Q: 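Please find one structure pasted underneath; my questions will follow.
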Amino acid sequence: MIGEVILEALWKGIAVLLFLTAGFAYLTLFERRVLARFQVRLGPNRAGPFGLFQPVADAFKLIFKEELIPSYADKVLFVLAPIITVIPSLIVLAVVPFGGPINLFGKMVNSYVADVNVGILYISAVTSISVYGITLAGWSSNNKYATMGGLRSTAQMISYEIAMGFCFIVPVLLAGSMSLVDIVQHQNETMWYIFMQPGAAVILFITMLAEVNRAPFDMPEAEQELTAGYHSEYSGMKFALFFMAEYIKVIAVSVIFVTLFLGGYHFPFVDQIPVIGPYMGPVVMLAKTMVMLFIIVWIRSTLPRIRYDRLMAFGWKILFPLALLSVLVTAVVVLLV
Amino acid sequence: MLVVFFILAFVAVGTAVSMLVTRSSIYAALFLVLNFATVAVLYLILGAPFIALTQITVYAGSVVVLFLFVIMLLGAERLPGGESLKWQRLVAIGLAIVLSADFGVKMIGENTMLTSVTAPPEGYGAPAEIGKILFTKYAFPVEITAVILLVAVVGAILLAKPDEKPSVREGLRKKMDQEG
């Protein structure tokens with residue numbers, strides 16, 4: 001019995017990991033192609049049809065690159081930092097439901113790795129851990145640009161985490177549960193939370209961009225000021241791990257946003273399609289995530305980077321009070337209605 | 001479960017000792033994080049996921065990150081090698097012997113083996129339960145904690161606030177210094 005449970009969790013976990021790593025490879029291609037279109041270019045289109053083999057080519061290039069460790073670096077932490085960065089981004093989606101219960105080979109299977117009653121807290125715990133990798137990479141490189149990048153990102157992520165945490169409370173209040181499965185179910189029964197609380201959704205989206213260091217908040221790696229920020233000294237596969245963590249985090253926050261505010265795997269009438277209806281959950285999820293990813297790339301190609309002191313002032317003086325206010329309003333409304 | 005517990009116990013004690021022994025303050029902070037994470041897993045085994053994840057969010061995710069931040073900003077990565085508290089070591093050894101003797105006597109005297117605990121009932125330690133008990137039975141301590149935290153926040157703001165108007169005397173002194 002317990003072996004069966006472990007086995008099930010294992011293959012589901014592997015499925016999520018494969019989804020994320022494959023998603024990472026093709027998100028890079030997606031971003032480069034879309035960005036190129038925004039800048040009236042073609043983008044990578046040589047390797048395979050539509051450049052579909054470009055990520056494979058990039059992976060081979062990075063594997064065969066020489067790996068350097070600076071002689072004054074703290075060697076243990078220098079090697080550990082990329083790993084510490086990747087792991088939180090890979091495990092954060094364990095509590096997200098990707099679809100309703102489906103009939104797989106005559107057995108009903110739930111489409112999530114784990115349904116814990118503290119799902120949202122799990123997400124905030126994992127995101128708060130993900131600061132370490134970047135900070136340690138910056139420090140252990142023993143390079144002033146890298147250290148500056150690490151410090152900047154630490155300050156930025158801690159500051160925006162607070163507003164993000166308050167935005168997480170809004171869906172919890174609306175659904176009356178911390179479990180993401182319950183939150184998605186409640187949105188299906190009433191309506192998507194983005195229509196109930198658009199303010200909190202916007203704040204959450206902004207803080208998530210800052211949390212994963214995406215433009216216009218890509219301060220930790222501002223090329224003009226810091227060469228490449230915390231990963232200046234990294235090369236080869238170690239650099240690839242940072243790159244991977246960054247893109248996987250972008251996918252992860254998109255999925256989390258979709259789950260919390262865009263109704264998760266539900267879409268009106270899709271589950272009433274005959275035969276394939278119950279299996280459409282992951283497809284709907286993927287479509288919504290793609291929309292979010294497109295918006296994120298769109299923002300990157302449109303907005304310039306914000307100055308560092310303005311970024312901090314924006315986080316503390318505008319987003320934090322607004323997030324508090326939205327929690328207060330939601331709580332009052334939930335209590336009265 | 002017992003195997004998991006003993007592995008975790010070893011890791012928890014090992015990281016705690018390493019934290020005390022290491023001379024690098026960055027490594028000490030990292031061992032502390034590992035220790036917090038291990039203790040969180042212990043809470044998880046005891047059927048308290050809320051406490052476990054709060055522990056990780058608050059201690060590992062925020063408090064130690066701030067420690068690291070301060071260590072890096074101040075450049076205090078390496079502690080000086082010398083021992084400044086020599087006589088305390090003897091006292092510590094004496095107290096450790098007393099403590100373990102006390103513990104041993106208690107264990108033998110009571111002659112009770114540690115019994116295994118049954119799994120807590122469904123819904124025990126759920127966020128809703130904890131919230132309810134915090135705001136009814138323990139409402140007073142919660143309020144006190146809130147006030148103490150508020151005082152700390154106000155104090156931090158007051159300390160970090162720059163002096164807006166330098167006094168007239170100071171301005172004059174600066175001017176005189178510049179003119180020589």
Side-chain angles (χ1 to χ4, degrees), chain A residues 2 74 76-77 80-81 84 87-88 91 95 114-136 138-142 144 146-159 161-162 164-165 168-169 172-173 175-179 182 230 316, chain B residues 1 18 22 24-34 36-37 40-41 43-44 47-78 119-120 122-132 135 153 156-157 160:
Chain A
I2 195 150
D74 186 316
V76 180
L77 287 183
L80 272 180
I84 300 176
I87 289 174
I91 62 173
V95 292
D115 176 25
V116 286
N117 58 9
V118 286
I120 290 212
L121 205 58
Y122 171 82
I123 290 177
S124 77
V126 174
T127 48
S128 66
I129 288 291
S130 68
V131 181
Y132 282 105
I134 292 176
T135 317
L136 291 176
W139 179 77
S140 65
S141 303
N142 208 352
K144 58 184 148 192
T147 310
M148 281 294 290
L151 283 178
R152 272 189 181 188
S153 70
T154 318
Q156 173 180 332
M157 286 163 100
I158 292 179
S159 310
E161 223 162 65
I162 298 170
M164 191 170 78
F168 280 163
I169 296 179
V172 172
L173 283 172
S177 168
M178 277 180 147
S179 154
D182 291 348
Y230 61 90
W316 282 103
Chain B
M1 230 27 148
S18 319
T22 177
S24 155
S25 37
I26 294 264
Y27 278 87
L30 292 178
F31 279 126
L32 195 60
V33 174
L34 218 53
F36 286 150
V41 180
Y43 290 149
L44 216 55
F50 184 81
I51 305 289
L53 290 174
T54 313
Q55 158 103 353
I56 290 186
T57 313
V58 175
Y59 286 100
S62 312
V63 174
V64 184
V65 171
L66 282 180
F67 284 180
L68 270 186
F69 199 62
V70 171
I71 292 168
M72 287 178 188
L73 275 182
L74 295 183
E77 285 96 346
R78 289 215 64 83
E122 188 74 17
Y124 176 83
E129 292 293 314
I130 292 177
K132 230 172 259 168
F135 284 97
V153 170
I157 291 174

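Please read all numbers here as calculations on a predicted model, not as lab measurements. Letters go in sequence order (proteins before strands), and every chain restarts at 1.
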Q: Under 4.5 Å heavy-atom distance to chain B, tell me which part of A/Ile158 shows up: side chain, backbone, both or neither.
A: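 Side chain of A/Ile158 only, per the 4.5 Å heavy-atom cut-off to chain B.
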Q: So how far is it from B/Leu30 CG to A/Ile84 CD1, rounded to the nearest 0.5 Å?
A: 7.0 Å
Q: Would you mind checking which part of B/Ala128 comes under 4.5 Å of any heavy atom in chain A, side chain (CB onward), backbone (N, CA, C, O), both or neither?
A: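 B/Ala128 has no heavy atom closer than 4.5 Å to chain A.
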Q: Can you tell me if CZ on B/Phe50 sees more than 12 non-hydrogen neighbours from other groups inside 6.0 Å?
A: yes
Q: Are any non-hydrogen side-chain atoms of B/Leu68 and A/Trp139 less than 4.5 angstrom apart?
A: no
Q: Give me the atom names and distance for the closest heavy-atom approach of A/Ala125 to B/Leu53.
A: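 Minimum heavy-atom separation between A/Ala125 and B/Leu53: CB-O, 4.0 Å.
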Q: State which residues pass side chain to side chain contact (heavy atoms under 4.5 Å, CB included) with A/Thr135; sequence neighbours excluded, sorted by chain then number.
A: A/Val131, A/Thr154, B/Met72
Q: With a 4.5 angstrom heavy-atom cut-off, is it the side chain or the backbone of B/Val58 that approaches chain A, or both, or neither?
A: neither
Q: Of all heavy-atom pairs between A/Ser128 and B/Gly61, which one has the smallest distance, and what is that distance?
A: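 Minimum heavy-atom contact is OG-CA, 3.5 Å.
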Q: Which atoms of B/Ile56 are under 4.5 Å from chain A, going by heavy atoms: the side chain, the backbone, both sets, or neither?
A: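 Answer is both: backbone and side chain atoms of B/Ile56 are under 4.5 Å from chain A.
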Q: According to side chain to side chain donor-acceptor pair (under 3.5 Å), who are the partners of A/Ser124, at least two apart in sequence or on a separate chain?
A: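 A/Ser124: no side chain to side chain donor-acceptor pair (under 3.5 Å) contacts found.
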Q: Looking at A/Leu77, A/Val172, A/Thr127, which has the largest count of heavy-atom pairs under 4.5 Å with chain B?
A: A/Leu77
Q: Grab the two heavy atoms, one from A/Tyr132 and one from B/Val33, that are nearest each other, plus how far apart they are.
A: OH-CG2, 3.2 Å
Q: Counting only heavy atoms from other residues, nucleotides and ligands, does the tally under 6.0 Å from CZ of B/Phe69 exceed 12?
A: yes
Q: Taking side chain as everything from C-beta outward and backbone as N, CA, C, O, which of these in A/Tyr122 sits under 4.5 Å from a heavy atom of chain B? Side chain, backbone, both or neither.
A: both
